[in-house]
There are 2 protein chains.
Amino acid sequence: MSCYNLCLLGFGNVGRALAELLVKKDEEMREEFGIEWRITGVATRRMGWLASPEGFDLVKLLAGDVVANVEPQPYGVREWLKTARADVLFETTSLNHLTGRPAIDYLRAALEAGAHAITANKGAVVHGYRELSELARNVGKRFFFEATCLDSAPVFSLFRETLPAARLLSFKGIFNSTTTVILEEMEAGKSFEDGVRRAQALGITETDPSQDVDGWDAAVKLCAIANVLMSVPLKLDEIEREGIRGLNTEKVRAARDVGRPFRLVARAARTIDNRVVASVRPEQISGDDPLGAISGTSLMVHFELDMMPGLTVTSHHPNLQSTAYAFARTCNALKAQVNEN
Amino acid sequence: MSCYNLCLLGFGNVGRALAELLVKKDEEMREEFGIEWRITGVATRRMGWLASPEGFDLVKLLAGDVVANVEPQPYGVREWLKTARADVLFETTSLNHLTGRPAIDYLRAALEAGAHAITANKGAVVHGYRELSELARNVGKRFFFEATCLDSAPVFSLFRETLPAARLLSFKGIFNSTTTVILEEMEAGKSFEDGVRRAQALGITETDPSQDVDGWDAAVKLCAIANVLMSVPLKLDEIEREGIRGLNTEKVRAARDVGRPFRLVARAARTIDNRVVASVRPEQISGDDPLGAISGTSLMVHFELDMMPGLTVTSHHPNLQSTAYAFARTCNALKAQVNEN
């Protein structure tokens, strides 16, 4: 039995769902993977850097009653990781997608402190993948980011663990659910603004929905997948990007009526000279397209590989628990680590 | 660099595609996985048990010019594996789905000889999973069967490697392509017999298509997935099974015309008392069903997990190379084995 000290940087919806999930799966983790765990660090902007090397009381932690049992409390990420004797950092801070900061700095600090670094921040993958994965290799730890692109569906682990020696030729997907929800409202005769309000009511977009409707969210995910799975240094500004603001209800309804509804499609393909061309834009999807089955908040990716004509993975109606699960899905990796040591 | 002696039991379409694939991916296997290989055994009913401990000449082997360089040649599976110094057995013999024999005996022989056992035979999973996986654990080798149910798409490895500690509540899928092709022909106004001829022309069904059209093929795959991923001892005769012979062109067209076409759906679900109820039968599928996107020879499975509301995996238009790839996808496992040793 190996015991892991887990540190949660960010303790919002996803961080809390993760803690609840760990409690729920405690028995399986012991029995199936020989893994015990305790949460020894929690940090948020409001609470500061809290550490408890003997482990926090989970019931109190989830009830918001956080009293760390050491003092003085640390005052920065490195000291926090050290005081908490971190084995794994789960990072869910909000970040600037255009720079990946400060998430990248936190993840680097974790790896340098000898902890596995796991992030829910797609920007950290786009801007820090090469640096952080190389650092992880050098220190013999893992840098994982499975929940960043398709919520709970396996994407990066799918390739890493189940598709060895296959070459990804192209992929396309629906990576943003807000735009699907807005377009579906417009198909039902409502306005763009009605659609935004519906997405906000579902809790899937912000007060300012421009990250979603202007295609930034989809472009960052596209960029992360291309960088990792195609091994190309594609940059965000190399992606041709067009959001859904140019569509009106009439156009959206007409497209749906002929059985080829608009969706915000992200796509990337290798060129003959081994570059990658990539775009995010509204496209009409016919019923026989692999992406034709998408609806609501579901997300989907379709891969074309040298070894396989087509492989589609769909995550239906993800929720907080499934996001937390994607994020936490490191038991196998930890187990592998145990075997290697 | 580790060198593996591979033995091919069965050398039909899939066996040959596998040999071609190994040649094609030789460089990646060396560079990415540190794996070298040679084929030291080939056996078919016609050729007998051929072994060549130094490795067959692949060009000659693929051209059908097989001269083994040792004599006398062995006369049974155990002696063959020993003479060939087998590290991995790839098994693609034809078999009796109702018993799993003789594939199970060959796979047991391989494991007992200290070789990994990899089969393309779904019947061997249905009838031998418990015995063979336990034996594999005991001898520290692997028993793999990824290509048996959804051609090239990850199914068993998906759960084993990417979905730790998740509990499968139910699944449904389109596991048989012959019936989809027949139903699509009938939707186009042709007869059942026309559909069978088209499936035969595509090379996806036998002269006698009853294994496919009566639902046996789908039922065996359903049974394999339930046994492995739900850990229940579901038996073939516990599956409610109805093929597509009861449908006529009129009925099939009418269903398609209202947007709810017939497909042969396999499904299994846990009951409250932790049994599994399972069926294979024609069902009408609406457009918003996860299985609604299926067409042609594509195969699909939809999972419901405690941790995820829905995860769908689709393998589009599989071909011989993709089948061989699914079958050969053991580099990761072999690598893990190297790390463990």
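Throughout, protein chains are lettered first and strands after them, A, B, ... in sequence-line order, and every chain is numbered starting at 1.
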Quick one, [X] and [Y] - any side-chain contact, counting heavy atoms below 4.5 Å?
{"X": "B/K25", "Y": "A/D306", "answer": "yes"}
{"X": "B/L311", "Y": "A/P154", "answer": "yes"}
{"X": "B/T314", "Y": "A/H302", "answer": "no"}

Options A/S322, A/A293, A/G296, A/G287, ranked by heavy-atom pairs under 4.5 Å with chain B, top entry: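 When all of A/S322, A/A293, A/G296, A/G287 are compared, A/S322 has the most.
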
Name the region of [X], side chain, backbone, both or neither, that has any atom closer than 4.5 Å to a heavy atom of chain B.
{"X": "A/L21", "result": "side chain"}
{"X": "A/A166", "result": "both"}
{"X": "A/S152", "result": "both"}

Closest non-hydrogen atom pair, A/A165 against B/E28: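 Scanning both residues, the minimum pair turns out to be CB-CB, 4.1 Å.
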
Smallest separation among heavy atoms of A/P164 and B/F33, with atom names: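 Answer, listing the atom of A/P164 first, then B/F33: CB-CZ, 3.3 Å.
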
Heavy-atom proximity to chain A below 4.5 Å, by part of [X]:
{"X": "B/I294", "answer": "neither"}
{"X": "B/D289", "answer": "neither"}
{"X": "B/A326", "answer": "neither"}

Euclidean distance, B/T323 OG1 relative to A/M307 CE, rounded to 0.5 Å: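 So the CE of A/M307 and the OG1 of B/T323 are separated by 12.0 Å.
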
B/N319, CG: over 12 other non-hydrogen atoms inside 6.0 angstrom: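 More than 12 within 6.0 Å, yes.
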
Selection from B/S157, B/S315, B/P318 maximising heavy-atom pairs under 4.5 Å formed with chain A: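 Counting heavy-atom pairs under 4.5 Å, the top option is B/S157.
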
